[in-house]
Amino acid sequence: MLKPPEEHATVYSGGDSLFPLEVSGLAFSDRGRNLVDNVSLTLDGRSRTVILGPNGAGKSLLMRLLHGLLQPTAGTILWGGRPLDAAVRARQAMVFQRPTLLRRSAEENLRFVLGHLPRTARDARITELLADAKLTDIRTMPARLLSGGEQQRLAIARARAADPDVLFLDEPSASLDPASTHAIEELIRAIHAEGTKIILVTHDLGQARRLADDVVFVSRGRIMEHQPAADFFLNQRSDAARAYIEGRLDIGTVDQS
Ligand SMILES: Nc1ncnc2c1ncn2[C@@H]1O[C@H](COP(=O)(O)OP(=O)(O)OP(=O)(O)O)[C@@H](O)[C@H]1O
Ligand SMILES: [Mg+2]
């Protein structure tokens, strides 16, 4: 792929694109609780979409459903008109809040994903990915000995190595210091510039303002609003989003059932 965003945009309505992503009537319930509740949403392939919402709102669940890690109770998910099958999944990558890395060195974690490339091209790409993730000096370190921030950057570099059409990121810089957070945001920008759709969950409102093109606000399993980021930060339409932005506890998020 590796196209600049403008070019990627021209692929938008094309036959092979994963976009638009069209979600309709999506639900996931467990033990009588509607954890994702009648969610409908359309996302294009160009923007960086940030999902905001209080703890327990269903943000991670929604991403897992969109990525096919969970089966919905009801509703449909269409990626560029296609159902979420193995071929679609192969073009997606996800980075979890607590990344799972191979018990090998940092560079071996990347080599593993790039096994299909000829050796010279693979080595060149590994060097590039490590440099962008600021991991060059620790390339031979066992991944499990890396710090939290380094592990997170390695997990993102590994997801990038697969050259996905869409990258899901679930709180990628939670508990990281400002410099590590900045490094991760730079990485996300670089991946987006390669034409990859970004879908990011964060509680860091500064990060949301810096990265978001559009904001999806989730509360109690429902999408309360989906707006361009500039509009959302200027004026939240829902009480739940206003309460969240103002740092007030939204009493409505407490599960009453
Ligand atoms: N696989 C699952 N099966 C059943 N219930 C689940 C599952 N995963 C999460 N839940 C429940 O669904 C609700 C929403 O969880 P989710 O992890 O999506 O919240 P979240 O919005 O990501 O919150 P946070 O900001 O704290 O990460 C929680 O009450 C959680 O216990
Ligand atoms: Mg979560």
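For clarity, every value in this text was computed on a predicted model and none was experimentally measured. In what follows, residues are counted from 1 in the order of the sequence shown. Counting starts at 1 for both ligands and their atoms, following the listed order.
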Ligand 1 to Gly58 polar contact by distance, N or O atoms, under 3.5 Å:
yes
Nearest non-hydrogen protein atom, atom 26 (O) of ligand 1
Asn55 ND2, 2.9 Å
Does any N, O or S atom in Ser60 come within less than 2.8 Å of the Mg ion (ligand 2)?
yes
min-distance protein heavy atom vs atom 31 (O) of ligand 1 -> Arg33 NH2, 3.8 Å
Of all the non-hydrogen atoms in the protein, which one sits nearest to atom 1 (N) of ligand 1, and at what distance?
Leu70 CD2, 4.2 Å
Report yes or no: do Glu185 and Gln207 form a side-chain donor-acceptor pair below 3.5 Å?
yes
Asp37 backbone acceptor or donor facing Asn34 side chain under 3.5 Å
no
Mind telling me whether His203 and Tyr244 have parallel, tilted or perpendicular rings, with 30° and 60° as the class edges?
tilted
Purely on distance, is any nitrogen or oxygen of Leu61 under 3.5 Å from one on ligand 1?
yes
Taking distance alone, with N or O pairs closer than 3.5 Å, would you say Arg31 contacts ligand 1?
no
Polar atom proximity, Ala57 to ligand 1 (N or O, under 3.5 Å)
yes
shortest atom 21 (O) of ligand 1-to-protein heavy-atom contact is with Lys59 NZ, 2.7 Å
At what distance is the nearest protein heavy atom to atom 27 (O) of ligand 1, and which residue and atom is it?
Glu171 OE2, 3.4 Å
Which of the numbered atoms in ligand 1 are under 4.0 angstrom from any heavy atom belonging to Pro54?
21 (O)
Take the angle between the ring planes of Phe217 and Phe232 and call it parallel below 30°, perpendicular above 60°, tilted in between.
parallel
If you have a sec, work out which protein heavy atom is nearest atom 11 (C) of ligand 1 and how many Å separate them, to one decimal?
Leu35 CD1, 3.8 Å
Counting non-hydrogen protein atoms only, what is the nearest one to atom 22 (O) of ligand 1? Give residue, atom name and distance.
Ser60 OG, 2.8 Å
Glu225 and Ser238: side chain to side chain donor-acceptor pair (under 3.5 Å), yes or no, with the steps?
CA-CA 7 Å; Glu225 48 189 300; Ser238 60; 2.7 Å; yes
Shortest non-hydrogen separation from Val39 to Gly221 and the atoms involved:
CG2-O, 3.5 Å
Tell me if the CZ atom of Arg237 is crowded by more than 12 foreign heavy atoms within 6.0 Å.
no
Thr120 versus Asp123, side-chain donor and acceptor atoms under 3.5 Å
no
Give a yes or no on this: more than 12 heavy atoms of other residues, nucleotides or ligands lie within 6.0 Å of atom CD of Glu246.
yes
Please determine, by modelled atom types, if Glu171 and Thr202 share a side-chain donor-acceptor pair under 3.5 angstrom.
no
If we set the cut-off at 4.0 Å for heavy atoms, which region of His203 has an atom near ligand 1: side chain, backbone, both, or neither?
side chain
Just to confirm my output: which protein heavy-atom neighbour is closest to atom 23 (O) of ligand 1, and how far is it?
Gly56 N, 2.8 Å
